[in-house]
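Input: a single structure, listed below in structure tokens.
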Number of protein chains: 2
Amino acid sequence: MGIPATAKIDRKSYEPAYAQLAKILKRQISDGIYRPGDRLPSEAKLCEAYDVSPMTVRRVVNMLVEQGVAVAEQGRGTFVKPLGLGTAVFHLDALQQFFDDAENTRVKLLETRIVSADERTARKLSISQNQRVVFIRRLISQNGIPSLYHREYLIYDPERPIIEAEMEVTSLRGLFSGASESTLKWGNLLIEATILRDEEARVLNSQSGAAAFRLEHIFYDFDNQPLSLGWFISPGDRLHFKTSVGIQE
Amino acid sequence: MGIPATAKIDRKSYEPAYAQLAKILKRQISDGIYRPGDRLPSEAKLCEAYDVSPMTVRRVVNMLVEQGVAVAEQGRGTFVKPLGLGTAVFHLDALQQFFDDAENTRVKLLETRIVSADERTARKLSISQNQRVVFIRRLISQNGIPSLYHREYLIYDPERPIIEAEMEVTSLRGLFSGASESTLKWGNLLIEATILRDEEARVLNSQSGAAAFRLEHIFYDFDNQPLSLGWFISPGDRLHFKTSVGIQE
DNA sequence: AAGTGGTCTAGACCACTAT
DNA sequence: TAGTGGTCTAGACCACTTT
């Protein structure tokens with residue numbers, strides 16, 4: 001049986017066999033040897049052609065499927081998947097990079113005070129209205145340009161001061177990189193397109209009515225209790241998200 | 001040595017062993033048995049405790065790492081990862097769902113005409129200025145509500161009519177689901193926050209100056225030639241993206 | 001019946017880290 | 001040196017699809 005092993009696997013390479021095989025297959029797809037809808041060689045054939053074990057081939061196929069490049073159907077085969085916009089994802093690390101270069105990033109604490117929760121805040125934090133919460137406003141600047149405005153309501157528990165939580169969130173750095181210890185277990189995020197209000201525009205040194213991203217977050221602790229409700233706001237001309245779909249090369 | 005096998009793996013279950021073990025470990029993390037920064041039991045211990053082979057444990061650990069729940073360090077161990085905003089991803093399938101229920105979705109072709117490429121279009125499509133391109137405007141409505149406005153410039157090649165490409169892009173359905181055959185290999189996407197211009201607001205039955213998402217796309221064919229440049233625009237009050245970070249439960 | 005993907009075993013060897 | 005994660009083998013059995 002003719003097996004199209006257009007390239008061989010270098011066992012002496014530092015690049016693992018599975019990575020090499022994945023690259024080979026993606027290259028063949030990219031080159032149009034296998035087109036969308038085509039069936040890839042069966043796993044048994046790939047084992048023989050590239051002289052690797054079934055588990056290694058399996059791993060490679062799994063990778064291609066996870067990457068949205070192929071789709072595997074039990075009993076039928078593995079097929080090249082056409083480009084699909086629905087599989088596209090954009091990563092929030094575009095935001096993280098604000099904090100990555102600590103050199104040029106400054107987090108300024110604009111305000112910290114204890115307030116009574118209004119109706120919406122109380123509802124979202126699962127507390128009773130008028131219960132006291134910590135309100136924090138921060139401004140994150142990049143090279144002197146204000147880029148992110150953050151407002152946050154933190155549960156205020158006199159029993160257990162929120163120092164720990166506040167500490168890490170003051171710099172916000174740990175929150176993005178996932179580096180620090182954390183009392184937070186999970187969170188819900190919501191991204192919307194919005195328009196800068198007067199106060200937001202003033203703080204961000206931008207114009208009222210300008211386009212902006214709003215990222216709303218609610219974080220929960222290990223008891224599944226809401227701990228923090230807040231919003232990041234960034235002018236549309238200072239933030240965007242890039243990504244790609246299909247096989248780039 | 002005490003091994004905390006808080007749950008057992010049911011070999012008769014239809015749920016594979018690796019999925020069961022992953023669920024068990026995530027549950028233990030969620031319950032706070034293992035906290036951020038803690039070291040998980042070594043893979044050897046997990047093999048013994050749950051009576052599975054090393055490869056199966058390895059697969060589970062890989063899953064946890066890919067899901068951002070843990071981080072593995074060779075020679076040291078596998079550690080529970082604190083919640084990190086930077087790892088969050090937003091899926092574009094929120095857009096796809098516009099097309100998923102063909103029942104309530106209607107794609108209306110507003111305009112198709114052949115025009116000369118202006119400077120920006122020519123540059124982005126790697127063609128010479130004034131070369132002819134196909135300009136298409138579409139409106140996607142959901143339950144009678146106009147939700148997406150799409151403008152697109154397609155390379156016009158008299159040799160090879162763009163019927164194929166245009167066909168699939170007319171309904172746009174295949175483009176999102178990745179279902180149809182495709183001449184497109186890959187694409188670059190850019191998401192911005194913007195403001196509706198007069199014409200956009202008119203078409204979308206919204207207000208000029210309202211917040212909106214803009215998704216710019218460039219698609220390339222299997223010769224890596226740009227084929228399509230376009231923009232989806234959706235009013236901010238009709239589209240948003242949700243996601244979560246950490247271990248939700 | 002033959003071929004396909006999906007799961008799993010029971011080891012092996014290696015690279016790295018800590019002691 | 002002992003323990004850890006990382007890769008890989010050479011099979012096995014199963015579920016499913018096609019012929």
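Proteins get letters first, then strands, A, B, ... in listed order; numbering begins at 1 in each. Keep in mind that this is a model prediction, so the values were computed, not measured.
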Practice prompt. Just call it for A:A17: base, sugar-phosphate, or nothing, with non-hydrogen atoms closer than 4.0 Å on any strand.
Written response: sugar-phosphate
Practice prompt. Flag the pair A:R151 and A:E216 as a salt bridge only when some basic side-chain nitrogen lies within less than 4.0 angstrom of an acidic carboxylate oxygen.
Written response: no
Worksheet item: B:F232 vs B:H150 aromatic rings, parallel, tilted or perpendicular, using cut-offs 30° and 60°?
Response: parallel
Worksheet item: To the nearest angstrom, how far is A:M55 atom CE from D:dT7 atom P?
Response: 12 Å
Worksheet, complete the sentence: Rounded to whole Å, CG of A:L21 lies from P of D:dT7 at a distance of 14 Å
Worksheet item: Across the strands shown, which category fits A:V61 at heavy-atom distances under 4.0 angstrom: base, sugar-phosphate, nothing?
Response: nothing
Response to the item:
Rounded to whole Å, the CE-C1' distance (A:M63 to D:dT7) equals 13 Å
Discussion item. I need the OH-P distance between A:Y50 and D:dC8, as an integer number of Å.
Written reply: 16 Å
Shorter than 3.5 Å, N or O on both sides, protein versus nucleotides 1-3 of chain C: list them out with atom names.
| residue | atom | partner | partner atom | Å |
| --- | --- | --- | --- | --- |
| C:dG3 | N2 | A:G75 | O | 3.2 |

Practice prompt. Nearest whole angstrom, please: distance from the P of D:dT4 to the CG of B:L40.
Written response: 12 Å
Worksheet entry | A:F222 six-ring face occupied by B:R35 cation (under 6.0 Å, within 45°) | yes
Item to complete: Write down the distance between CG (B:L46) and C1' (C:dT9), rounded to a whole number of angstrom.
Response: 17 Å
Item to complete: Indicate whether OP1 or OP2 belonging to C:dC8 is found under 4.0 Å from a side-chain N or O atom of B:Y18.
Response: no
Item to complete: Round to a whole Å and report the spacing from OH of A:Y14 to P of C:dC13.
Response: 19 Å
Fill in: Plane angle bin for A:F241 and A:F90 - parallel if under 30°, tilted between 30 and 60°, otherwise perpendicular
tilted
Worksheet item: With under 30° as parallel and over 60° as perpendicular, where do the rings of B:W231 and B:Y153 fit, or are they tilted in between?
Response: perpendicular
Discussion item. Please classify the nucleic acid contact of A:N62 as base, sugar-phosphate, or nothing, using heavy-atom distances under 4.0 Å.
Written reply: nothing
Worksheet item: Is the centre of the B:Y34 ring less than 6.0 Å from the centre of the B:F79 ring?
Response: no
Worksheet item: C:dT7, D:dT7, D:dA10: which one has an atom nearest the side-chain heavy atoms of B:P16?
Response: C:dT7
Fill in: Upstream residue (5' side of DNA chain C) when A:A72 and B:S53 are each assigned their closest nucleotide
A:A72
Discussion item. Tell me the interatomic distance from A:D51, atom CG, to D:dG11, atom P, rounded to whole angstroms.
Written reply: 12 Å
Worksheet entry | Under 4.0 angstrom between A:T56 side-chain N/O and D:dT9 OP1 or OP2 | yes
Fill in: Donor-acceptor side-chain pairing of B:K108 and B:S141 below 3.5 angstrom
no
